[in-house]
A.B. asks: 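The structure under discussion is supplied below as structure tokens; questions concerning it will follow.
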Amino acid sequence: MTTQDELRPILTTEAGAPVADNQNTETAGIGGPALIQDQQLFEKLAHFNRERIPERVVHARGAAAYGTFTVTADVTAYTRAAFLSEVGKETETFLRFSTVAGNLGSADAVRDPRGFALKFYTEEGNYDLVGNNTPVFFIKDATKFPDFIHTQKRDPYTGSQEADNVWDFWGLSPESTHQVTWLFGDRGIPASYRHLNGYGSHTYQWQNEAGEYFWVKYHFKTDQGIKNLTQDEANKLAGEDPDSHQRDLREAIERGEFPTWTVQVQIMPAADAANYRFNPFDLTKVWPHEDYPPIEIGKLELNRNPDNVFAEVEQSIFSPAHFVPGIGPSPDKMLQGRLFAYADAHRYRVGINADHLPVNRPHATEARNNSRDGYLYDGRHGRRKNYEPNSFGGPVQTGRPLWAAVPVTGATGNHEAPSHAEDDDFVQAGNLYRLFSEDEKQRLIANLAGFISKVSADRDDIVERAIGNFRKADADYGQRLEAAVRELRKQQ
Ligand code: HEM
């Protein structure tokens, strides 16, 4: 052995015993079958078989980084959240970007919304804002989400995404017209995770020290500038470098080029909500900026790569139900469903002690409660009592709700969300279309037509319903799309 070799640590089994041979399986004689006493072999093979955990049912493909959020404006008039209490205050964060429909190993450069899941490690517990790079969404009721995602994922028979399913669902769900217009426009394929905006998308509640509450929407505006790929550029890149977004983010941070976002909020006084022209809790609608101008409140910087992708990215968990005092949910029916769905997914995907992994646990405070044990419990509570009330100095409740109570009326039932004066499924989709430049309109029509034309030849009804929604948004939009689809279907 050389001196170099002598300095190297000894390879061991999981139990710490030295391994004599990591190259040759133990056999009965030379060239004979393997022996069961070769526990080194069995331990390695068994551990390898269990390396994967279930991938996220949506947003499986992603990349993440740690960073810092800094408050740049006094927002104490609106919220009592401690991490927002002072200009200049910094909070550690962890942001995971993702695509939605693709599996874990799918390409980054695809037409799909991008997830923007942000964890603030605050001194009052972790606050998660689990948003997208789009201010709106395809549907407005949580009960439609599994059906919607089934149409985006693989067909039970073909095992592939099918245009028939996608356009059937969207055509029959006219509330999707706004988000679909957004998705097939230029921003539908971002050039990288650094060049996109993030949005909280839902309306959330802020409550101040005096108990008054407000409705807020979050915007994270990229300081790198918005950059997108055309469909052709993306098709090429997805083939050449499936990890393009992930690599770009990691390498930028390694170079010390830390990406930043300017954080803004739109704030609606609670009293405005009932009579606002749009239902302020409808996730398929934005609040036009002329109604509620965004105000700047902070800066987000990403500055540290995770050391271990599995431990810190695959096992990371984000929940829209992770609130801190002064921030709470709105009655948005999508958000209400999400308040259940995420923690449930985490218990299945990562396990009942997922909250206690290093990336997930609070970093600026500690979790204190009487939940114990379960798979992979690490014994962190030691001898402490595990019940409440107790007279051994255990943790006690505050008696102060985290957010304000909201008045409700009427009887229980499967109600549609209330419709306000200007609400319909098409008005904001039409406004977005008319905002696009002529060039962007042409790309939008080409992108949509390229996909709609893939619907099976004997299902013109699906095509007609899909185009009908765009026609209702804007006559010119519908007419141009119809012509483009007719042309492409003629060529097939
Ligand atoms: C009722 C509607 C929705 C349901 C039931 C739902 C459910 C889920 C589930 C089960 C996951 C996987 C969680 C995990 O395994 O850790 C997930 C991930 C995610 N969802 Fe949703 N989702 C909904 C709507 C939305 C909306 C509207 C947005 C954005 C505004 C969104 C953004 C995300 C993001 C960013 C992730 C990835 C989180 C991460 O990086 O770990 N989802 N969703």
Side-chain angles (χ1 to χ4, degrees), residues 52-66 93-104 108 112-119 126 128-153 173 175-176 178-179 182-183 190 193 196-204 217-220 245-246 249 281-286 302 306 309-322 329-352 354-355 357 359-360 417:
R52 302 284 175 270
I53 58 173
E55 65 175 37
R56 290 165 174 85
V57 66
V58 279
H59 297 262
R61 168 89 194 139
Y66 296 92
T93 58
F94 184 65
L95 174 56
R96 181 175 180 271
F97 302 94
S98 48
T99 55
V100 180
N103 294 105
L104 186 57
D108 288 337
D112 204 8
R114 298 298 186 276
F116 192 95
L118 180 59
K119 188 181 293 297
N126 292 346
D128 293 351
L129 190 59
V130 196
N132 277 339
N133 70 327
T134 66
V136 291
F137 200 69
F138 301 90
I139 49 173
K140 51 173 136 180
D141 195 304
T143 200
K144 293 185 77 166
F145 187 78
D147 297 293
F148 165 56
I149 293 299
H150 286 167
T151 71
Q152 296 291 305
K153 292 259 187 185
S173 306
E175 70 271 31
S176 65
H178 188 192
Q179 169 78 321
W182 200 103
L183 183 62
Y193 288 138
L196 50 78
N197 290 343
Y199 298 91
S201 307
H202 297 282
T203 298
Y204 288 95
K217 280 189 181 292
Y218 296 87
H219 305 248
F220 295 75
H245 286 22
Q246 181 169 311
L249 180 65
F281 311 119
D282 174 351
L283 185 58
T284 65
K285 303 280 188 337
V286 294
L302 297 182
V309 170
F310 182 84
E312 293 159 84
V313 185
E314 192 60 10
Q315 294 198 115
S316 63
I317 60 169
F318 298 85
S319 170
H322 286 168
S330 74
D332 175 335
K333 294 178 85 183
M334 285 285 285
L335 175 60
Q336 291 288 319
R338 296 181 71 202
L339 299 179
F340 158 75
Y342 288 67
D344 184 58
H346 303 151
R347 289 176 199 118
Y348 163 67
R349 186 172 68 79
V350 191
I352 194 63
D355 289 295
L357 293 171
V359 64
N360 297 328

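What's counted below: heavy atoms across the whole structure, side chains too, no hydrogens, waters or symmetry copies. Counting starts at 1 for both ligands and their atoms, in listed order.
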A.B. asks: Would you say Tyr348 has more than 12 foreign heavy atoms packed within less than 6.0 Å of its OH?
C.D. replies: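 No, the 6.0 Å shell around OH holds no more than 12 heavy atoms from other groups.
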
A.B. asks: To check your reading of the model: name the closest protein heavy atom to atom 22 (N) of ligand 1, its residue, and the distance in Å.
C.D. replies: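 Here the closest protein heavy atom is Tyr342 OH, 2.7 Å.
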
A.B. asks: Any atoms of ligand 1 less than 4.0 Å from a non-hydrogen atom of Val57? List them with their elements.
C.D. replies: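 By the 4.0 Å cutoff, the relevant atoms are 10 (C).
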
A.B. asks: Quick one about Gln179 and Thr284 (side-chain donor to acceptor, distance below 3.5 Å, no hydrogens or angles considered), yes or no?
C.D. replies: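 The criterion, which ignores hydrogens and geometry beyond distance, is not satisfied for Gln179 and Thr284.
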
A.B. asks: Tell me: protein heavy atom nearest atom 41 (O) of ligand 1, and distance?
C.D. replies: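 Going by distance alone, atom 41 (O) of ligand 1 is nearest to Arg56 NE, 2.8 Å.
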
A.B. asks: Please state which protein non-hydrogen atom is closest to atom 13 (C) of ligand 1 and give its distance, to 0.1 Å?
C.D. replies: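 Among all protein heavy atoms, the one nearest atom 13 (C) of ligand 1 is Ala345 CB, 3.9 Å.
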
A.B. asks: Give the residue, atom name and distance (to 0.1 Å) of the protein heavy atom nearest atom 35 (C) of ligand 1.
C.D. replies: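 For this ligand atom, the closest protein heavy atom is Gly131 O, 3.2 Å.
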
A.B. asks: State which residues pass ring pair (Phe, Tyr, Trp, His ring centres under 6.0 Å) with His322; sequence neighbours excluded, sorted by chain then number.
C.D. replies: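 Here no residue qualifies.
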
A.B. asks: Evaluate the side chain to side chain donor-acceptor pair (under 3.5 Å) criterion for residues Tyr66 and Glu312: first the C-alpha distance (whole Å), next the side-chain angles of each, then the deciding distance (0.1 Å), finally the verdict.
C.D. replies: CA-CA 10 Å; Tyr66 296 92; Glu312 293 159 84; 2.9 Å; yes

A.B. asks: Do Arg61 and His245 get their side chains close enough for a donor-acceptor pair, meaning under 3.5 Å?
C.D. replies: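 The answer is no; no qualifying pair exists.
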
A.B. asks: Please report which non-hydrogen protein atom sits nearest to atom 25 (C) of ligand 1, along with the residue it belongs to and the distance in Å to one decimal place.
C.D. replies: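 Its nearest protein heavy-atom neighbour is Arg338 NE, 3.2 Å.
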
A.B. asks: Yes or no: does Gly62 have any heavy atom under 4.0 Å from an atom of ligand 1?
C.D. replies: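 Not so, Gly62 does not reach ligand 1.
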
A.B. asks: Counting each atom of ligand 1 from 1 as listed, which ones have a heavy atom of Leu283 under 4.0 Å away?
C.D. replies: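 Within the 4.0 Å cut-off of Leu283, ligand 1 contributes 27 (C).
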
A.B. asks: Would His59 and Arg96 count as a side chain to side chain donor-acceptor pair (under 3.5 Å) here? Give the steps.
C.D. replies: CA-CA 10 Å; His59 297 262; Arg96 181 175 180 271; 5.5 Å; no

A.B. asks: Keeping the roles fixed (side chain from Asn133, backbone from Gly115), state whether a donor-acceptor pair exists under 3.5 Å.
C.D. replies: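 The answer is no, because no donor-acceptor pair under 3.5 Å joins these two groups.
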
A.B. asks: Thinking salt bridges, do Lys144 and Asp141 make one under a 4.0 Å N-O criterion?
C.D. replies: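 Answer for the salt bridge query: no.
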
A.B. asks: Using a heavy-atom cut-off of under 4.0 Å, does the side chain or the backbone of Ala142 touch ligand 1, or both, or neither?
C.D. replies: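 The answer is both, backbone and side chain.
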
A.B. asks: Among all protein heavy atoms, pick out the one at the shortest distance from atom 38 (C) of ligand 1; state its residue, atom name and that distance to 0.1 Å.
C.D. replies: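 Residue, atom and distance for the closest contact: Ala117 CB, 4.0 Å.
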
A.B. asks: Taking distance alone, with no angle check, do Arg96 and ligand 1 share an N/O pair under 3.5 Å?
C.D. replies: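 There is such a contact, yes.
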
A.B. asks: Identify, for atom 14 (C) of ligand 1, the protein heavy atom at the shortest distance, and state residue, atom and that distance.
C.D. replies: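 Atom 14 (C) of ligand 1 sits closest to the protein heavy atom Arg349 NE, 3.4 Å.
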
A.B. asks: Pairs of nitrogen or oxygen atoms closer than 3.5 Å, one from Ser201 and one from ligand 1: do any exist?
C.D. replies: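 N/O-N/O distance below 3.5 Å does not exist for this pair.
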
A.B. asks: Evaluate the criterion side chain to side chain donor-acceptor pair (under 3.5 Å) for residue pair Asn360 and Gln315; output intermediate values, then yes/no.
C.D. replies: CA-CA 8 Å; Asn360 297 328; Gln315 294 198 115; over 6 Å; no

A.B. asks: With a cut-off of under 6.0 Å to the ring centre and 45° to the axis, is Lys119 in cation-pi contact with Phe318?
C.D. replies: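 Pair Lys119/Phe318 counts as cation-pi.
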
A.B. asks: Check each atom of ligand 1 against the heavy atoms of Ala341 and keep those under 4.0 Å away; list them by number with element.
C.D. replies: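 Close to Ala341: 5 (C).
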
A.B. asks: Under a heavy-atom criterion of less than 4.0 Å, does Val58 contact ligand 1?
C.D. replies: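 So Val58 counts as touching ligand 1.
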
A.B. asks: Looking only at N/O atoms, are Ser316 and ligand 1 under 3.5 Å apart anywhere?
C.D. replies: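 No.
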
A.B. asks: So if I count the atoms of ligand 1 from 1 in the order they appear, which ones are less than 4.0 Å from some heavy atom of Phe137?
C.D. replies: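 Result: 27 (C).
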
A.B. asks: Would you please indicate yes or no on a ring centroid separation below 6.0 angstrom for Tyr199 and Phe220?
C.D. replies: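 Judged by ring-centre distance (under 6.0 Å), Phe220 and Tyr199 do not meet the cut-off.
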
A.B. asks: Give a yes/no on ligand 1: does Phe97 have at least one heavy atom closer than 4.0 angstrom to it?
C.D. replies: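 Judged by the 4.0 Å heavy-atom criterion, Phe97 does not count as contacting ligand 1.
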
A.B. asks: Considering only heavy atoms of Phe116, which atoms of ligand 1 have at least one such atom less than 4.0 Å away?
C.D. replies: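 Selected atoms, number and element: 35 (C).
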
A.B. asks: Would you check if there is a donor-acceptor pair between the side chains of Asp332 and Ser330 at a distance under 3.5 Å?
C.D. replies: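 Not at all, the side chains of Ser330 and Asp332 share no donor-acceptor pair under 3.5 Å.
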
A.B. asks: Would you say ligand 1 has an N or O under 3.5 Å from any N or O of Asn132?
C.D. replies: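 N/O-N/O distance under 3.5 Å: no.
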
A.B. asks: What do you reckon, does Leu335 put a non-hydrogen atom under 4.0 Å from ligand 1?
C.D. replies: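 No, Leu335 has no heavy atom closer than 4.0 Å to ligand 1.
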
A.B. asks: Looking only at heavy atoms, what is the nearest atom pair of Thr203 and Leu335, with distance?
C.D. replies: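 Distance-wise, the nearest heavy atoms are O-CD2, 3.8 Å.
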
A.B. asks: Applying a heavy-atom cut-off of 4.0 Å, say which part of His59 lies close to ligand 1: side chain, backbone, both or neither.
C.D. replies: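 Looking at His59 and ligand 1, just side chain atoms fall under 4.0 Å.
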
A.B. asks: How far apart are the closest heavy atoms of Lys217 and Ser201, and which atoms are they?
C.D. replies: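 Closest pair (atom of Lys217, atom of Ser201, distance): NZ-O, 3.0 Å.
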
A.B. asks: Which residue supplies the protein heavy atom nearest to atom 5 (C) of ligand 1, what is that atom called, and how far is it?
C.D. replies: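 Result: Phe145 CD2, 3.3 Å.
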
